[in-house]
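Source: prediction; values computed, not measured.
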Amino acid sequence: MARIPHLFLPLLCCLAAARGSVDFRADLNHPYAGSSLSTAHVIGHAARASKARAARINARLAHAIGKGGDMSAAHVPLAPLGDEGHSLTVGIGTPPQPRTLIVDTGSDLIWTQCELPRGRAARQREPPLYDPRKSSSFSFLPCGSRLCQEGQFSGKNCTGNRCMYDELYGSAEADGLLASETFTFGVQRSKVSLPLGFGCGALSAGSLAGASGLMGLSPGIMSLVSQLSVPRFSYCLTPFAERKTSPMLFGAMADLRKYNTAGPIQTTAILTNPAEETFYYYVPLVGLSLGTKRLRVPADSLTIKPDGTGGTIVDSGSTIAYLAGTAFEAVKTAVLEAVSLPVFNGTVEDYELCFALPSGVAMAAVKTPPLVLHFDGGAAMALPRDNYFQEPRAGLMCLAVARSPEDLGASISIIGNVQQQNMHVLFDVRNQKFSFAPTKCHDI
């Protein structure tokens, strides 16, 4: 284990004291809550954002394992980060300043836009910026701190014993200074205040679409989960088209057995990538079925390769699922055989297969067999129609599964948030287990 610089010990002591009490519930805001966009436009925007996110995830991994992976906006499609996932309202500082952060299981850095020193201004104007001068618990992290020394950033520089970072998110870029602060989480009687290292900075390019920053929940060193040694967390996403809040639970409250489920609780492993510090929550997807028909998918098309490419992750920010080439083709072929509707001959941006619905008929009237994800150990996640089809406009029913980007060198398969809707999913980080059960999420 790396030696921890003495300058960071006070913060670690505080964190250690807090670890026994990281038990709380939070409500996740829908990415389009309050938006005037129609449901069809929301679905279309989210599909576009998913395409950008899949490209960013693949480019980041490819870059980390030396397979190329250009993270610049020229190679990653444009989409506001705020379109990519649910958000969480937290209190930052003492007294708490309420700010909204996008929850991201694919990022580890926690950051918010701030009123920066020396007159530098963030680009955000609404909502108001977090102001560290109004907090009694704010302090900058020194260059010798563990988070500065071991954190993985797109760029890093130390001047005047302050740790400056730069982080690329495809078309967006955030930079600032690492600091420590008290964050207040939870709702009603389950609120807790915890010290965290975070980025106090600015969004120098791109858009957050109304949010203030990001809350990283990945396995990486900078995330809330890693900093506080959170043993487990869970969330249950309400149907995407309904735009309602969704419950998220941490610590002892994240226990699927405590809540009513609509099916059995199933469990598989959380895997690590052998070639790099794991950014994502990998799961051992080994096969797929459509209804009772097992599809001919080579198992190695879904597994992590020794060089770090491939594999399947569970992601909070993508609405579309992405599968490596051979797996996607197997699903597409099976869907074409199972759905007795004419294929739409036109082009629908961000979807690879759409069907034309009869005049006056909505997707809700169409019956389809479940798409089943098979995991190592026997666990099987059965996706009903609404978890793998979408209606991006009247008269169209489109497959919410696409081919993983292959030109960026990583070919990761992604289980997105629409596939997880009305599914209570639990990440047992301590024991490296992933559990799930179909659930009416608005009842939790």
Please report the closest heavy-atom contact between [X] and [Y], naming both atoms and the distance.
| X | Y | value |
| --- | --- | --- |
| Cys148 | Cys158 | SG-SG, 3.7 Å |
| Leu426 | Ala254 | CD1-O, 3.1 Å |
| Ile265 | Ser435 | CG2-CB, 4.4 Å |
| Ala174 | Tyr165 | O-CE1, 4.0 Å |
| Asp23 | Val192 | O-CG1, 4.1 Å |
| Gln420 | Ile415 | NE2-O, 3.3 Å |

Between Glu329 and Arg403, is the closest basic N to carboxylate O distance under 4.0 Å?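 Judged by the 4.0 Å cut-off on N to carboxylate O distance, Arg403 and Glu329 do form a salt bridge.
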
Looking at Asp104 and Arg53, is there a salt bridge between them, counting it only when a charged N and a carboxylate O are closer than 4.0 Å?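 Salt bridge between Arg53 and Asp104, a charged N being under 4.0 Å from a carboxylate O: yes.
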
Test side-chain contact (heavy atoms from CB on, under 4.5 Å) applied to His424 and Tyr259, step by step: CA-CA 9 Å; His424 195 173; Tyr259 309 96; 3.7 Å; yes

Assess, by modelled atom type and distance only, whether the side chains of Ser193 and Thr184 contain a donor and an acceptor separated by less than 3.5 Å. yes

Do you see a donor-acceptor pair shorter than 3.5 Å between the side chains of Tyr280 and Asp315?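 No donor-acceptor contact under 3.5 Å links the two side chains.
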
Using salt bridge (Lys or Arg N to Asp or Glu O under 4.0 Å) as the criterion, list what pairs up with Arg133, not counting sequence neighbours.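 With neighbours one apart ignored, the set is Asp131.
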
Fit a plane to each ring of His86 and Phe240, take the angle between them on a 0 to 90° scale, and name the class: parallel (under 30°), tilted (30 to 60°) or perpendicular (over 60°).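 His86 and Phe240: perpendicular rings.
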
Do you know which of Thr112, Asp108, Leu109, Ile102 makes side-chain contact (heavy atoms from CB on, under 4.5 Å) with Leu214?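 Of the listed options, the one satisfying the test is Ile102.
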
What distance do His30 atom NE2 and Glu242 atom CD have between them, rounded to the nearest 0.5 Å? 9.0 Å

Taken to the nearest 0.5 Å, the spacing of Leu399 CG from Tyr351 OH works out to 10.0 Å

Are the aromatic ring centres of Phe427 and Phe434 under 6.0 angstrom apart? yes

Step by step, would you call Asn422 with Leu237 a side-chain contact (heavy atoms from CB on, under 4.5 Å)? CA-CA 6 Å; Asn422 271 341; Leu237 301 179; over 6 Å; no

Might you work through the side-chain contact (heavy atoms from CB on, under 4.5 Å) test for Val401 and Ile320, ending with a clear yes or no? CA-CA 6 Å; Val401 181; Ile320 304 293; 5.7 Å; no

Quick check: do Arg56 and Ser107 have side-chain heavy atoms less than 4.5 Å from each other? yes

Kindly indicate whether the side chain of Leu396, heavy atoms from C-beta on, has any atom under 4.5 Å from the side chain of Phe355. no

May I ask you to check whether the SG atoms of Cys143 and Cys163 are separated by less than 2.5 Å?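 Taking the criterion (SG atoms under 2.5 Å apart), Cys163 and Cys143 fail it, so no.
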
Using a 3.5 Å distance criterion without hydrogens, assess whether the side chain of Gln227 forms a donor-acceptor pair with backbone atoms of Gly197.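 Confirmed, Gln227 side chain pairs with Gly197 backbone.
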
Checking ring pair (Phe, Tyr, Trp, His ring centres under 6.0 Å) for the pair Phe185/Phe250: CA distance, chi angles, key distance, verdict? CA-CA 10 Å; Phe185 300 92; Phe250 290 84; 7.1 Å; no

Could you walk me through whether Thr439 and Ile444 pass the side-chain contact (heavy atoms from CB on, under 4.5 Å) check? CA-CA 9 Å; Thr439 303; Ile444 294 180; 3.9 Å; yes

Hey, mind stepping through Tyr322 and Phe328 against ring pair (Phe, Tyr, Trp, His ring centres under 6.0 Å) and telling me if it holds? CA-CA 8 Å; Tyr322 290 87; Phe328 170 73; 9.2 Å; no

Residues 431-444 vs salt bridge (Lys or Arg N to Asp or Glu O under 4.0 Å), sequence neighbours excluded, gives none

Quick check: are there more than 12 heavy atoms from other residues, nucleotides or ligands sitting under 6.0 Å from NE2 of His442?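 Counting neighbours around NE2 of His442, more than 12 heavy atoms of other residues, nucleotides or ligands fall under 6.0 Å, so yes.
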
